[in-house]
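No hydrogens, no waters, no symmetry mates; every other heavy atom, side chains included, goes into these values.
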Amino acid sequence: MKGKKGRKGQPLRVIQACDLQAGGITSLILSICEQLDREKVNFDYLVYRNQPEFGDEKVKEYGGKKLIADNTDAPNQMARFLWKFWRTWKVLKEEQVEIFHINAPTPYDCLVGIAAKLAGARVVVLHSHNSRLKKPGVGHRIFQEICRFCLPLCGDYYFACSDLAGEFMYGKRPRKRIVYVKNGIDTEYFRFDEEYRNKMREDYGIGDALVFGNIGRLCEQKNQRFLLYIFAEIRKIKPDAKLILIGQGELEAELSELADSLGIRDNLIRIAATEHVREYLCMMDGFLLPSLFEGLPVVGVEAQASGLPCVFSDSITREVSLSDRAHFLSLKRSAQDWARFAVAMAEAAKENRKVYADVIKSDGFEIKDTARWLQNFYLESLS
């Protein structure tokens, strides 16, 4: 494939609309950037909050820029949409954007795509990473349909991480127009390591207790209230069990109070954000993700690569089932049912964890492959 570099021999700059807080999408985009030939293609990042973020240092390390179109000072929701549109246009116009890649949680992001087109972007990519609205009211659904109708005005290419994410973002558009991009990970990096497991357990003084984990933003979508009820039931079966909860978000105080009321505070290990996810996965015996909705959770791929038995809610796409370590339970089942199932899975799956990194790689979820495909796509899209 013949591609082109950016202006005056510089690498082609692709602007990613992606916040840099700790989370699955941020992890995915930064991991892709790490694997690029950055003399040919590199990323800058457009964010909508002017604040320090988890990924800031990685952006600098990889030679990128953080561009800010802050709209949090808007007086109301309508002004927020308008300011997001205007400030996106202003930043992209100043940056002379060529490729704008929108990592979109909802169809509403067609607005920033239109702003990018008006700012002169030659290629706009819409990339769906979610499968449902946070607020499913009638007004939101109507606005969502209007935004879907506007997608052809701003999107040159339609990407999605799963069938559910594609259907949510693009509706009933012909499936042949949607490109499914796998949420790859560094499979070797996430391979289970017994030394990490032993060291982490020694550091935390855990011994042989069963350890469960959950990683994600502390928000309604991730359903961590139910997670704490599940863990309270697990402790009735295994009193010395531990729960590692990694993430931060708007429900942090509420979840802390709930942990106190359930009497599980002493068995809860709270981590706000960390660059050592692999070590914590090695430390765990089971992974619980009772989310209300997901596109395709990157952390679910990482957990399986570490050989962890994973219990996902049945509202998560079955496309995350990449191995025999993936299991699904209905959110209509009780916390007691989840607890019994989780303990049974954890106790039955302690052996042969190392081989699962190879399983995930063979399923096509290797980050090097995802990055290579995207790099070639970016270069070809301007040729």
With under 30° as parallel and over 60° as perpendicular, where do the rings of Y170 and Y158 fit, or are they tilted in between?
tilted

Would you kindly check if the NZ (Lys) or CZ (Arg) of [X] is within the cone defined by 45 degrees around the ring axis of [Y] and under 6.0 Å from the six-membered ring centre?
X    : Y    : value
R278 : Y189 : yes
K84  : Y48  : yes
R13  : F43  : no

Lys/Arg-Asp/Glu bridge criterion (N-O < 4.0 Å) met for K332, D337:
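Here K332 does not pair with D337 in a salt bridge, since their nearest N and O are not under 4.0 Å apart.
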
Short side-chain donor-acceptor distance under 3.5 Å, [Y] and [X]:
X    : Y    : result
R265 : S256 : yes
R353 : S306 : yes
Y356 : D324 : yes

Nearest-0.5 Å distance that lies between atom CZ in F54 and atom CD in E275:
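Output value for this atom pair is 5.0 Å.
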
Qualifying salt bridge (Lys or Arg N to Asp or Glu O under 4.0 Å) pairs, either residue in residues 207-235, two or more places apart:
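Residue pairs with at least one partner in residues 207-235: R217-E250, E220-R225, K222-E294, R225-E254, E233-K236.
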
So, using side chain to side chain contact (heavy atoms under 4.5 Å, CB included) as the criterion, who are the partners of N76 when residues are at least two apart?
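By the side chain to side chain contact (heavy atoms under 4.5 Å, CB included) rule, N76 matches M78, A79.
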
Check the pair N103, Q16 against side chain to side chain donor-acceptor pair (under 3.5 Å), reporting the backbone distance first and the verdict last.
CA-CA 7 Å; N103 296 284; Q16 298 280 346; 2.9 Å; yes

